[in-house]
There are 2 protein chains.
Amino acid sequence: MVAGPTSAGPGKDRLRLWIRLLRASRTIEAELRERLKKEFDTTLPRFDVMAALYRSPEGMLMSDLSRFLLVSNGNVTGIVDRLVSEGLVTRARRNGDRRTSMVRLTEEGSKSFAAIAAAHEIWVGELLGNVSEDEARRLTGMLKSFRSNWEGRE
Amino acid sequence: MVAGPTSAGPGKDRLRLWIRLLRASRTIEAELRERLKKEFDTTLPRFDVMAALYRSPEGMLMSDLSRFLLVSNGNVTGIVDRLVSEGLVTRARRNGDRRTSMVRLTEEGSKSFAAIAAAHEIWVGELLGNVSEDEARRLTGMLKSFRSNWEGRE
DNA sequence: TTATAAAACTTTAAGCTTGAAATAAATTCC
DNA sequence: GGAATTTATTTCAAGCTTAAAGTTTTATAA
C-alpha cells in the first residue's frame with residue numbers, strides 16, 4: 001500500500017495522496033517509536049494509552065480507550081495489562097457496574113507521561129520542521145475533510 | 001499518539017497536524033484492511049509486497065522490498081514466506097550471489113494482484129471522496145516537505 | 001592465501017493487532 | 001420474577017512488527 005499507482009486514469013490523484021500520506025505517517029511513526037524505545041524504554045501504544053488517560057484524570061473505561069484510540073478491545077486489554085504491571089496505571093473496580101473498571105494513571109504514571117510528552121512534542125516539531133506553523137494549520141484544516149464522508153456510517 | 005496536545009505553546013500546530021495525520025491514516029488504513037480481508041481474504045502487508053513486485057517484473061531482492069516498504073528485513077521474510085506458500089510469489093536462487101534470491105510474482109499472483117488493486121483504487125477514491133482531485137494534488141505537494149529535512153540523515 | 005570484515009538473509013523473543021469466541025453482568029421484555 | 005438480549009470485557013489464534021542475534025556467502029586486505 002506504500003507503492004504508487006500501477007496505471008494512469010481518474011482517481012489517481014487521490015490514490016497518490018493516500019500513498020504519500022501513508023509513507024509520511026509511517027516514516028514519522030517509525031522514528032518516534034525508535035526514540036521512545038531508546039530514550040524512555042517504552043512503546044507507542046503505551047504512550048497512546050497514557051496520553052488518553054492523562055487528559056481524563058477521572059479515568060476511562062476500556063471501551064472508551066478503544067474507541068478513542070481507534071483500536072480493538074482486546075488490544076487495549078493487553079496494553080493496559082502491561083502498564084498495570086509496570087505500576088503506571090490502575091484498574092479500579094466500580095460499584096455501579098461490575099462489568100467495567102475505571103482505568104487511571106498512577107501518580108508515577110502521570111509524572112512519567114509528562115516527561116515523555118515533553119520530549120515527544122519536541123521530536124514532532126523537529127520531524128515536521130519543514131512544515132511552517134502556518135502551513136501546518138492549513139494542512140490540518142484540509143485533513144479535516146477526510147472524516148465525515150464515510151466514517152462511522154453503518 | 002493519537003491524542004491531542006496536553007497544553008498550549010509553540011510547536012503546537014505541528015503536533016496537532018501530526019495527530020490529525022495519524023488519525024486520518026489509521027482510519028483509512030483500518031477500513032482498507034477490513035475490506036481486503038472481507039473481499040479478497042488477504043492482508044495489507046501482503047498487498048504491499050505484491051504491489052511492489054507488480055511494478056518490478058524482473059523481481060526484487062528481500063532487501064529491496066524491505067527498503068522500499070519501510071519495514072524490517074525479518075518482517076519481509078515472514079510475509080514472503082506466506083505468499084510463497086499461497087503460490088502467489090516465488091523465490092529464485094541466483095547463480096551470481098548465493099546469499100540472495102529474486103522474489104517475483106507468479107502468474108497467479110500477478111492476476112490476483114491486478115484484481116485487488118482495481119478494487120483498492122476505487123476504495124481509496126471513495127474514502128477520500130471529500131477531497132477534490134485538485135485539492136488532492138495540492139495536499140500531495142505539501143506532504144513532500146515532510147521528507148528531506150531529517151529523513152535518512154545518519 | 002587466509003583471516004577479517006561486510007552484506008544478505010533468517011531466526012528468535014517480545015510485543016502489537018485484529019476478529020471471533022467466551023464470560024459475566026446489566027437490561028429488557030414477557 | 002425469569003428468560004432473552006445487550007453490553008463490557010477478556011481470551012484466543014493467527015498474523016504483523018521490530019531489534020538483536022545467528023548463518024551463510026561475498027568482498028577486502030595483510
Side-chain angles (χ1 to χ4, degrees), chain A residues 1-2 22 25-27 29-50 59-86 88 91-103 154, chain B residues 1-2 22 25-27 29-50 59-86 91-103:
Chain A
M1 188 141 80
V2 109
L22 191 56
S25 67
R26 282 196 187 172
T27 307
E29 206 170 338
E31 183 68 21
L32 291 174
R33 189 181 354 87
E34 196 176 326
R35 295 188 185 189
L36 281 175
K37 186 67 187 171
K38 280 221 168 73
E39 307 287 329
F40 296 101
D41 191 32
T42 190
T43 66
L44 259 176
R46 285 174 218 201
F47 180 78
D48 284 348
V49 167
M50 294 177 78
M60 289 177 85
L61 302 180
M62 296 299 282
S63 41
D64 293 337
L65 279 170
S66 110
R67 194 169 23 256
F68 181 68
L69 299 174
L70 308 175
V71 300
S72 66
N73 277 350
N75 190 351
V76 175
T77 297
I79 297 167
V80 168
D81 282 352
R82 271 163 233 126
L83 287 172
V84 167
S85 80
E86 289 169 4
L88 300 172
R91 267 191 183 94
R93 271 262 164 290
R94 298 200 306 161
N95 290 342
D97 186 334
R98 276 178 308 187
R99 290 170 303 182
T100 64
S101 51
M102 268 303 190
V103 184
E154 52 219 325
Chain B
M1 188 139 77
V2 108
L22 190 57
S25 67
R26 282 196 187 172
T27 307
E29 205 171 338
E31 182 68 23
L32 291 175
R33 189 180 355 82
E34 196 176 325
R35 295 188 186 190
L36 281 175
K37 184 69 187 170
K38 281 222 168 69
E39 308 288 327
F40 295 102
D41 192 32
T42 189
T43 66
L44 259 175
R46 286 175 217 202
F47 180 77
D48 283 349
V49 167
M50 292 176 79
M60 289 177 86
L61 301 181
M62 295 300 281
S63 43
D64 293 338
L65 279 170
S66 111
R67 193 168 25 254
F68 182 68
L69 299 174
L70 309 174
V71 299
S72 66
N73 276 351
N75 190 351
V76 176
T77 297
I79 298 166
V80 167
D81 282 351
R82 273 163 231 124
L83 287 172
V84 167
S85 80
E86 289 168 5
R91 267 191 183 95
R93 271 262 163 293
R94 298 200 304 161
N95 289 342
D97 186 334
R98 274 179 309 185
R99 292 171 301 182
T100 66
S101 51
M102 268 302 189
V103 184

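Residue numbers begin at 1 in each chain, while the letters A, B, ... track the order of the sequences. Please read these numbers as outputs of a predicted model, since none were measured by experiment. Note that these values count all heavy atoms, side chains included, but never hydrogens, waters or copies made by symmetry.
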Length of the line joining [X]:[atom1] and [N]:[atom2], which is rounded to integer Å:
| X | N | atom1 | atom2 | value |
| --- | --- | --- | --- | --- |
| N73(B) | dG22(D) | CG | P | 17 Å |
| K37(A) | dT17(D) | NZ | P | 18 Å |
| E29(B) | dT17(D) | CD | P | 9 Å |
| I79(A) | dA14(C) | CD1 | P | 18 Å |
| R33(A) | dT17(D) | CZ | P | 10 Å |
| R91(A) | dA8(D) | CZ | P | 16 Å |
| D97(A) | dT23(C) | CG | P | 20 Å |
| L65(B) | dA8(C) | CG | P | 14 Å |

Of the nucleotides [options], which has the atom closest to the [X] side chain?
| X | options | result |
| --- | --- | --- |
| L61(A) | dT9(D), dA19(D), dT25(D) | dT9(D) |
| R99(B) | dT7(D), dA8(C), dT17(C) | dA8(C) |
| R46(B) | dT18(D), dG15(D), dT26(D) | dG15(D) |
| T43(A) | dT17(D), dG19(C), dG15(C) | dG15(C) |

**Residue closer to the 5' end of DNA chain C, G78(A) versus G74(B) (nearest nucleotide)** =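 The 5'-side residue here is G74(B).
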**Request:** Just call it for S72(A): base, sugar-phosphate, or nothing, with non-hydrogen atoms closer than 4.0 Å on any strand.
**Result:**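 Since a base atom lies under 4.0 Å of S72(A), the category is base.
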**Request:** Report which part of the nucleic acid V76(A) touches: base, sugar-phosphate, or nothing (heavy-atom distance under 4.0 Å, all strands).
**Result:**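 V76(A): no heavy atom of the nucleic acid under 4.0 Å.
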**Message:** For R94(A) and L61(A): C-alpha separation, side-chain torsions, deciding distance, then whether side chain to side chain contact (heavy atoms under 4.5 Å, CB included) applies.
**Reply:** CA-CA 10 Å; R94(A) 298 200 306 161; L61(A) 302 180; 4.1 Å; yes
Taking only side-chain nitrogens and oxygens of [X], does any of them come within less than 4.0 Å of OP1 or OP2 of [N]?
| X | N | value |
| --- | --- | --- |
| S63(B) | dC9(C) | yes |
| N75(A) | dT18(C) | yes |
| R94(A) | dA26(C) | no |
| R98(B) | dT26(D) | yes |
| S101(A) | dA8(D) | no |

**Prompt:** Charged N to carboxylate O under 4.0 angstrom, R33(A) versus E29(A)?
**Reply:**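 No, this pair does not count.
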**Message:** Just verifying a value: how many Å separate N73(A) CG and S66(A) OG, rounded to the nearest 0.5 Å?
**Reply:**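 Answer for the CG-OG pair, N73(A) versus S66(A), is 4.0 Å.
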**Request:** State, yes or no, whether a side-chain contact exists between M62(A) and T100(A) at a heavy-atom distance under 4.5 Å.
**Result:**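 Counting from C-beta outward, M62(A) and T100(A) never come under 4.5 Å.
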**Message:** Please evaluate residues D64(B) and R67(B) with respect to the criterion side chain to side chain contact (heavy atoms under 4.5 Å, CB included), reporting the C-alpha separation (whole Å), side-chain torsions for both, the decisive distance (0.1 Å), and the verdict.
**Reply:** CA-CA 5 Å; D64(B) 293 338; R67(B) 193 168 25 254; 3.2 Å; yes
